[in-house]
Amino acid sequence: MKHTDRSRLQRNTWNILLFTLSYFISNLVSGIIYDTYVNYMQEVARTVATSFWAFYGCATFLSALFLLLVPKVGYRRLLLFSTGSCAAALLAAVFFRTEALFFMTTLLSLVGIQLHYVMLSPYIAVFTHQSNKIDWYTRAYYAGYLGYFLTTYLGGLLTVKMFSLRAGMSYSAAKGMTQHLEALSPGLRACYLQGNRDVLFQTAVVALLGLIPILLMRERPEDYRFAETKRILWGRRLREMGKALLHRDALLYLTYWGMLSFGMGLFTSYYTIFLNRNLHIDRATSSLLVSLSYLAVVVFLLFTPRVVKRFGQVVTLGGVSLLSVPFMLLIANGDRFGSLTVPVVGAALFLRSGLINLSAPVDSALSMELVPPSLRPAFSSMLNLSAGIASILSGWFTGKILFVHQEGYRTAYYLASGIYIVACILLLAGLWKYNRTPEERKV
């Protein structure tokens, strides 16, 4: 019996470590998608760039539907699809130039990224116990944001470097030219775009490497098959989702999550566009500032277990979101600081990102606590469906209304701040009883 328990523990640890590695690689790709790729779209397919969060919403929606396939096909096959789709999308974006294709590559790459993300909560829940879940969630998020930090920074640096090589000029000269991209001559603009494509190709190769840890996972049917079925019973999946929504607390959390997703969609995907085109910070420096904000996530996540233990789950989740609002307003008004714009905006980005993401493991852990274990995949799907719908609406709003004028990128921070405040008050008032874990509540 002890040998069996030890073997099970070793397999559980092996699978989580490989998932964390694959999640790290997925976030390496994600950092390029949300930085270099979206900036490339701003130049070659502006409609795609200004509505980027709508694509994110559609991808989240589709990923939630894919998650319903878990009891039939397992996690491993879906992870292989998510990683392969990112690589295929990036390669297509490099070698083809039509706007219609960019719609497809954007959606496909984001589906790959989001599918990997939405599987994080239920996958880790399968291989962990209540006592150590926060630690494993924290490690996974830590690794993910470390990857995101690296490529968000390297995306801008490598783009400028590739641009300088293509244009036959020094790195510093190329970097200076990216402060005002609209002023580039046709020849230099072509070199700049090719530099972007060079970075996207390199990222596609990295995405393909992400298949290796997934292939090495030791998955068994009992890890994902909650009910024996010979075919996908969509009716059953829908009924499970309905049962999850019968829980008042689950419905309240769903509302909170949808509001936050809408607010996030107004500004988080457009950091480098705002810094580069509104605040006129050069391309490499703007990417550096954004990457440092993800380094903040890595740093702040180290304190997550301690903060949760001290203040509780709900206070951590709602409190850090509220504390991040003043820093969002500082970013929006960064150009008012003159020569101090870069350090002020950089510090605000760092603190805002660190605070809001300190609670990311709590999001995963708390959401799985609101419903019975058998409904976790269904509720995770519902959360992502809600986020997807909110994100589609957010992307439609930015593409059709808010970003029609460049100044709309600034207004987005004010709107998002108000939404954050309302959502956090709803969370704190409605889910206070979950502030402590079940074990702590029994003490």
Side-chain angles (χ1 to χ4, degrees), residues 23-39 113 138-161 171-172 174-176 178-179 196 199 203 206 264 267-304 307 320-321 323-361 409-410 412-413 416-417:
Y23 188 64
F24 169 74
I25 296 173
S26 177
N27 276 266
L28 287 175
V29 177
S30 180
I32 296 297
I33 297 293
Y34 286 103
D35 183 86
T36 302
Y37 183 87
V38 72
N39 275 278
I113 290 168
T138 300
R139 291 177 188 125
Y141 278 103
Y142 183 90
Y145 280 111
L146 178 60
Y148 203 71
F149 155 71
L150 289 173
T151 50
T152 303
Y153 167 63
L154 291 174
L157 186 150
L158 288 174
T159 298
V160 175
K161 183 62 177 178
Y171 175 85
S172 60
K175 179 180 175 182
T178 60
Q179 287 181 301
N196 279 263
V199 175
T203 307
V206 173
M264 287 167 56
F267 68 100
T268 53
S269 290
Y270 311 105
Y271 278 140
T272 53
I273 294 176
F274 176 72
L275 299 182
N276 189 211
R277 292 179 175 270
N278 287 72
L279 305 187
H280 296 293
I281 299 173
D282 69 79
R283 182 71 178 79
T285 302
S286 60
S287 287
L288 173 61
L289 294 181
V290 175
S291 68
L292 288 175
S293 74
Y294 291 107
L295 176 61
V297 179
V298 175
V299 173
F300 276 63
L301 280 174
L302 295 173
F303 300 97
T304 297
V307 172
V320 296
S321 297
L323 287 174
S324 71
V325 169
F327 299 107
M328 292 164 62
L329 300 178
L330 274 177
I331 297 167
N333 294 280
D335 50 351
R336 297 189 178 187
F337 295 93
S339 60
L340 296 176
T341 292
V342 170
V344 169
V345 171
L349 276 167
F350 187 90
L351 293 171
R352 182 264 162 199
S353 188
L355 284 168
I356 197 72
N357 288 289
L358 179 148
S359 63
Y409 286 92
R410 189 192 310 272
Y413 287 87
S417 296

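Position 1 is the first residue of the sequence; numbering continues from there.
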Q: If you round to the nearest 0.5 Å, how far is CG of L154 from CG of L288?
A: 10.5 Å
Q: Closest heavy-atom contact between I113 and S30?
A: CD1-CA, 3.7 Å
Q: Given side chains that start at C-beta, do those of T203 and Y37 come closer than 4.5 Å, heavy atoms only?
A: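 No, too far: nothing below the 4.5 Å cut-off.
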Q: Which residue is it: T272, L292, L289, V290? I am looking for the one with a side-chain contact (heavy atoms from CB on, under 4.5 Å) to T152.
A: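 Of the listed residues T272, L292, L289, V290, the side-chain contact (heavy atoms from CB on, under 4.5 Å) partner of T152 is V290.
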Q: Roughly how far, to the nearest 0.5 Å, is the OG atom of S324 from the CG atom of L358?
A: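 Rounded to the nearest 0.5 Å, the CG-OG separation comes out at 11.5 Å.
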Q: State whether the side chain of S26 and the backbone N or O of Y23 hold a donor-acceptor pair below 3.5 Å, judged by distance alone.
A: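 Side chain of S26 to backbone of Y23: no pair is present.
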Q: When rounded to the nearest 0.5 angstrom, what distance separates CD1 in I32 from OG in S287?
A: 8.5 Å
Q: Look at the aromatic rings of F267 and Y271 and report parallel, tilted or perpendicular, splitting at 30° and 60°.
A: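 It falls in the perpendicular class, over 60°.
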Q: State whether the side chain of S359 and the backbone N or O of I356 hold a donor-acceptor pair below 3.5 Å, judged by distance alone.
A: yes
Q: Rounded to the nearest 0.5 Å, what separation is found between the CG atom of L329 and the CZ atom of R352?
A: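 L329 atom CG to R352 atom CZ measures 11.5 Å (nearest 0.5 Å).
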Q: Any heavy-atom pair between the side chains of L157 and Y171 that's under 4.5 Å?
A: yes
Q: Does any non-hydrogen side-chain atom of Y34 lie less than 4.5 Å from one of Y148?
A: yes
Q: Is a side-chain N or O of T36 found less than 3.5 angstrom from the main chain of N196, in a donor-acceptor match?
A: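 Looks like no, no N/O pair under 3.5 Å.
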Q: Under 3.5 Å, is there a donor-acceptor pair between the side chain of T151 and the main chain of L28?
A: yes
Q: Going through the checks in order, is the side chain to side chain contact (heavy atoms under 4.5 Å, CB included) test met by F24 and L150?
A: CA-CA 10 Å; F24 169 74; L150 289 173; 4.2 Å; yes
Q: Are the side chains of S353 and N357 in contact, using a 4.5 Å heavy-atom criterion?
A: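 They are in contact (side-chain heavy atoms under 4.5 Å apart), so the answer is yes.
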Q: Indicate the atoms forming the closest heavy-atom contact of G334 with V345, along with that distance.
A: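 Looks like CA-CG2, 3.5 Å.
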Q: Find out whether V199 and K161 are in side-chain contact, i.e. whether some heavy atom of one side chain is under 4.5 Å from a heavy atom of the other.
A: no
Q: Can a donor-acceptor pair be found, under 3.5 Å and without considering hydrogens, that links the side chain of T268 to the backbone of M264?
A: yes
Q: Under 6.0 Å from the OH atom of Y413, do we count more than 12 heavy atoms belonging to anything else shown?
A: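 Yes, the 6.0 Å shell around OH holds more than 12 heavy atoms from other groups.
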Q: Using side-chain heavy atoms (C-beta onward) and a distance below 4.5 Å, is D335 in contact with N278?
A: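 No, side chains not in contact.
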Q: Where do N333 and R410 come nearest, in terms of heavy atoms and distance?
A: CA-NH1, 4.3 Å
Q: When you look at F274 and I331, which way does the side chain to side chain contact (heavy atoms under 4.5 Å, CB included) test go after all the steps?
A: CA-CA 10 Å; F274 176 72; I331 297 167; 4.1 Å; yes
Q: Would you give the length of the straight line joining atom CG of N276 to atom CG of D282, rounded to the nearest 0.5 angstrom?
A: 7.5 Å
Q: What class does the angle between the rings of Y409 and Y270 fall in, given that below 30° is parallel, 30 to 60° is tilted and above 60° is perpendicular?
A: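 Ring orientation of Y409 relative to Y270: perpendicular.
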Q: Can you tell me how far CG of L330 sits from CZ of F337, rounded to the nearest 0.5 angstrom?
A: 5.0 Å
